[in-house]
Amino acid sequence: MNRNVPDKPTIDGLEARWSARWEEQGVYRFRGAESRSEVYAIDTPPPTVSGSLHMGTVFGYAQTDSVARYQRMKGKKVFYPMGWDDNGLPTERRVQAYYGVTCDPSLPYDPDFAPPEEPFDPPRPLARRNFVELCHILTGEDERAFEEVFRTLGLSVDWSHLYTTIAESTQAISQRAFLRNLARGEAYTQEAPVLWDTDFQTAVAQAELEDRERPGAYHRLVFGGGNGEPIHIETTRPELVCSCVALVAHPDDDRYRPLFGSTALTPIFGVEVPIVAHPLADPEKGTGVAMVCTFGDTADVTWWRELDLETRAVIGRDGRFREEAPDWIESDAARAAYADLAGKYVNQARRRMVELLGESGELVGEPSPITHPVKFYERGDRPLEIVTSRQWYIRNGGRDVGLRDQLLAEGDALRWVPEYMRVRFRHWVEGLAGDWLVSRQRFFGVPIPLWYRLDESGEPDYEDPIIPPETELPVDPGSDVPAGYRADQRGIPGGFIGDLDIFDTWATSSLTPLIAGRWGSDDKLFQLVFPMDQRPQGHEIIRTWLFSTVVRSHLEFGRLPWEHATINGWILDPDRKKMSKSKGNVVTPMALFAEHGADGVRYWATSARPGADTAYDESQMKIGRRLAIKILNASRFVLGLAEDAEPGAVTQALDRAMLGRLAEVVSSATAAFDEYDYAKALASTETAFWAWTDDYLELVKGRAYGDGSDAASAQAALQLSLSVFLRLFAPFLPYVTEEVWSWWKEGSVHLAAWPLASEFESLTGDPIVLDVTAEVLSQVRRVKSDAKVSMKAPLQLLVLTDSADRIDKVRAAGTDLVDAANAKSIDFEIGPFEIRAELAPA
RNA sequence: GGGCCCUUAGCUCAGGGGUAGAGCGCUUCCUUGACGCGGAAGAGGCCAGAGGUUCAAAUCCUCUAGGGCCCACCA
């Protein structure tokens with residue numbers, strides 16, 4: 001055996017060997033690009049660093065990698081960075097649980113604090129800086145593990161372009177982009193009701209909401225009407241009677257029309273509230289008249305704003321009813337009733353309020369149980385409350401039809417794969433209820449880079465913040481001092497305060513094309529990669545990551561951040577539910593790589609149609625592994641035959657027929673990849689490959705073992721077709737193809753040219769020659785299989801009856817068919833297709 | 001309540017007006033000059049249901065039923 005072909009090739013261990021060599025040799029390094037047109041840039045999703053990677057993540061990344069490898073082989077300089085999304089609440093939650101700590105910004109920094117071996121129990125409060133240090137430690141560990149998984153999977157990312165969303169350079173970009181939004185009037189601050197998570201004690205944005213069906217109950221309550229007639233309302237939140245500011249009914253509702261303009265008295269508290277009309281009130285719901293509270297739900301906010309109602313908030317940011325009775329509750333009895341609610345959480349207050357209403361006779365009948373959708377923060381465990389607070393917003397078209405239309409046009413201009421994902425963008429934008437709330441009252445994130453002047457009475461001036469120059473970014477207003485001030489002026493009348501909030505994670509990750517492209521610090525790079533070619537991501541974050549990236553790019557550059565959005569599906573459990581992280585973690589990616597090979601896992605992932613949710617199916621991985629092994633063995637056969645042959649030696653009709661068929665496969669795989677349909681490219685390559693091994697190899701085997709020009713023709717055709725197959729498979733099975741390539745070629749297959757039919761079109765012939773010959777061989781096999789004898793059993797008679805034309809094709813194949821069938825000869829008759837094969841007597 | 005996707009062999013999925021496809025699994029064989037981590041052959045389907053368009057429908061249209069996802073103002 002010549003070359004470096006091993007006797008017993010194996011796919012085990014290829015991952016470690018080749019991933020290390022690719023790194024050493026810089027195979028995937030982004031370099032040498034002179035102009036944007038040479039580059040293919042990918043806006044890789046930075047995985048959230050919280051725990052471990054699961055199979056769903058591996059799935060989407062393998063698909064994108066196949067496209068990246070294709071583009072690289074097509075000659076593009078592929079810019080394929082990786083990022084870790086390590087800032088934000090997921091990391092905080094994980095750190096809290098992992099170490100048993102909480103963050104208390106009022107505590108001083110403890111320079112001697114060391115991470116505990118075991119989590120503190122009960123949780124120990126830490127200074128903000130200590131807490132942030134723990135976040136860095138834990139994310140650092142997770143990120144090393146993530147990198148190991150992605151390297152073993154064989155992602156062709158350029159690891160020298162790794163970024164993280166908490167890095168100083170990222171913070172600088174995030175702050176710079178925000179300050180530019182601010183300068184152009186696209187960012188603004190406002191004191192307003194916001195959806196508030198009382199556990200995390202932070203505002204949350206519309207995109208982070210989810211509705212969950214929760215049990216509740218309608219309570220029918222009696223209000224005192226101005227004319228003495230009682231008014232019945234139904235509510236699921238009787239505890240909010242004390243924050244009631246109005247009753248509202250539909251303007252056309254005849255039952256209540258006479259009452260508009262009059263007042264009613266609230267039960268228990270006897271507070272006088274106006275009865276008002278608003279078209280949002282639904283005559284079909286409850287009694288047709290609703291209690292407006294500040295604030296029980298977002299409808300309340302609408303009524304409060306549009307009807308200019310009082311503000312009577314009672315629920316604090318910790319989710320408890322405020323301690324002192326509010327001043328609008330006046331009578332002693334009412335104040336005594338409020339005292340029962342003070343300090344209680346919502347559920348406790350509700351139970352007590354129902355008791356009070358029952359005792360006073362103002363609860364009619366029994367509460368009637370219902371299930372209804374309740375708004376939650378998607379990462380939260382308790383229903384959101386609505387509190388009034390000062391927050392920062394970025395305009396996203398939610399309150400501005402002009403901008404909204406521009407963003408809709410951007411979504412239309414984007415090329416979506418698959419196409420039907422486009423409507424999700426449109427629906428989300430059309431449904432926006434307000435601007436994008438970007439400030440969060442959390443700790444581990446990018447600080448909002450602003451300070452506020454304090455006037456003589458110590459009141460901050462939010463309308464005219466102190467803005468740092470871009471050259472000084474990033475800043476931390478909690479510890480840095482603005483120009484023109486001294487540190488000891490912090491918090492002093494006439495001095496300043498820093499904004500202690502941080503940005504929402506999406507406010508930073510919406511800038512990934514800028515972060516990866518080093519916007520503002522490496523202009524040459526940025527010009528080469530922006531706007532990018534491809535944004536791969538999951539469909540569940542179209543409303544967040546995709547939309548917010550479009551918003552930021554539109555505001556900053558007036559253009560789309562990428563040309564294509566490729567949306568991958570989800571991994572489903574066998575019961576068709578989205579595979580949960582906990583279940584996905586039962587089998588870790590590393591364990592699957594060990595069992596099926598990274599190539600096997602990649603085969604499974606890239607077999608799935610773009611955008612399609614796909615069952616978690618290890619049997620697909622086994623098939624991928626089998627394919628990889630088949631490639632090894634077939635390659636061993638081909639490369640063991642002869643030294644490098646001259647392509648010009650391909651003269652035999654059967655060899656040319658095979659190459660003719662291969663040219664078709666190359667064309668269809670290329671066309672599929674150009675449409676981002678990697679799965680179709682893989683399927684057509686794979687089908688052709690199995691036909692190649694099962695039929696063509698068997699037919700030419702005898703001839704190829706010989707010598708002379710007939711043998712040389714087969715040897716040359718085999719080598720050429722193997723080279724083509726290896727390159728067609730390289731985007732999917734990078735390890736096994738690289739291994740085989742290394743047996744006989746210089747350099748990496750991943751830097752080799754994508755095969756083109758034009759490479760060997762002068763050597764192709766009519767593929768029908770191969771088809772007809774293979775069909776006859778298949779019939780011979782059937783005869784032998786039916787007779788339960790070996791495929792090598794000799795035939796004493798072989799007769800093909802067929803059309804003259806097809807017989808000519810088989811004749812053109814020469815003696816290959818007779819050899820493969822182990823017949824003495826073959827006879828031909830004109831007539832309807834039939835094969836007669838008789839076994840030689842044993 | 002609105003929208004999107006899916007429903008094809010036991011399983012996982014391709015196909016997308018012209019005779020129903022693949023792999024796995026199953027059945028029956030083959031012991032090897034690439035491969036037993038092999039190889040060959042075979043059985044197996046009213047293409048969810050009902051209407052329509054068409055010479056022709058798994059494919060296009062309408063409706064229905066399941067499944068999944070996204071969204072929606074919690075009275």
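To find a chain, count down the sequence lines: A is the first, B the second, and so on, and within it residues start at 1.
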Whole-angstrom distance between B/rG45 and B/rG10, as gauged at atom P: 7 Å
Spacing of A/Met621 atom CE relative to B/rC13 atom P, expressed in whole Å: 12 Å
Side-chain donor or acceptor of A/Arg422 paired with backbone N/O of A/Gly411 under 3.5 Å: yes
Sugar-phosphate only, base, or nothing, as touched by A/Leu777 at under 4.0 Å among non-hydrogen atoms: nothing
A/Lys784 NZ - B/rU28 C1' separation (whole Å): 18 Å
Closest-nucleotide ordering on RNA chain B, the 5'-leading residue of A/His427 and A/Glu385: A/His427
Distance-only side-chain donor-acceptor flag, A/Ser721 / A/Trp692, under 3.5 Å: yes
Closest nucleotide among B/rC13, B/rA72, B/rC4 to the A/Thr614 side chain: B/rC13
Test item: A/Arg661 side-chain N/O and A/Asp771 main-chain N/O as donor-acceptor pair under 3.5 Å: no
A/Asp786 side-chain proximity, nearest of B/rA41, B/rC74, B/rU31: B/rA41
Base versus backbone protein contacts along nucleotides 35-40 of chain B [heavy-atom cut-off under 4.0 Å; B, S, -]: BSBSSB
Mutual orientation of the aromatic rings belonging to A/Trp744 and A/Trp741 [parallel < 30°, tilted 30-60°, perpendicular > 60°]: perpendicular
Separation of A/Glu686 CD from A/Tyr603 OH (nearest 0.5 Å): 3.0 Å
Between B/rC71 and B/rG15 - C1' atom distance, rounded Å: 32 Å
Flag, side chain of A/Arg350 to backbone of A/Arg237, donor-acceptor distance under 3.5 Å: no
Inter-nucleotide C1' distance (B/rA58, B/rG2), Å rounded: 29 Å
Residue A/Ala299, side-chain atoms from C-beta onward, closest of B/rC73, B/rC70, B/rC69: B/rC73
Spacing between A/Trp416 atom CH2 and B/rC4 atom P, to the nearest angstrom: 16 Å
Test: A/Asp12 and A/Arg625 ion pair at under 4.0 Å: yes
Short side-chain to backbone donor-acceptor contact, A/Asp816 and A/Val700, under 3.5 Å: no
Parallel, tilted or perpendicular: rings of A/Phe729 and A/Phe689 (30°, 60°): perpendicular
Identified stems (criterion: three or more consecutive Watson-Crick or G-U pairs, under 3.5 Å), RNA chain B: B:1-7 with B:65-71, B:10-13 with B:21-24, B:26-30 with B:38-42, B:48-52 with B:60-64
Sugar-phosphate only, base, or nothing, as touched by A/Ala634 at under 4.0 Å among non-hydrogen atoms: base
Residue met sooner reading RNA chain B from 5', once A/Ala207 and A/Leu195 are mapped to nucleotides: A/Ala207
Option passing ring pair (Phe, Tyr, Trp, His ring centres under 6.0 Å) with A/Trp604 (candidates A/Phe593, A/Phe59, A/Phe732): A/Phe59
Short side-chain N/O contact from A/Lys285 to OP1 or OP2 of B/rC74, under 4.0 Å: yes
Sugar-phosphate only, base, or nothing, as touched by A/Thr302 at under 4.0 Å among non-hydrogen atoms: nothing
Main-chain N/O of A/Val271 paired with A/Thr266 side-chain donor or acceptor, under 3.5 Å: yes
Nucleotide nearest A/Ile623 when distance is taken to its side chain, options B/rC74, B/rC71, B/rC24: B/rC24
Distance, C1' atom - from B/rA20 to B/rU8, rounded to whole angstrom: 9 Å
d(NZ, A/Lys622; C1', B/rC11) in whole Å: 13 Å
Atom P, compared across B/rU19 and B/rG36: separation rounded to whole Å: 40 Å
Span that lies between the P atom of B/rG33 and that of B/rG39, in whole angstrom: 15 Å
Atom-to-atom span, CD of A/Glu306 to C1' of B/rC73 - whole angstrom: 11 Å
Rounded distance in Å between the P positions of B/rC63 and B/rC70: 24 Å
Sugar-phosphate, base or nothing in reach of A/Gly296, heavy atoms under 4.0 Å: base
Touch class at under 4.0 angstrom, heavy-atom based, for A/Ala679 against every strand present: nothing
Pairwise C1' distance for B/rC11 and B/rC74, with rounding to whole Å: 43 Å
Separation of B/rC71 C1' from A/Glu378 CD (nearest whole Å): 14 Å
Whole-Å distance separating the CZ atom of A/Phe547 from the C1' atom of B/rC71: 14 Å
Plane angle bin for A/Trp303 and A/His278 - parallel if under 30°, tilted between 30 and 60°, otherwise perpendicular: perpendicular
Nucleotide B/rC73, atom C1' - distance to CG of A/Leu307 in whole Å: 14 Å
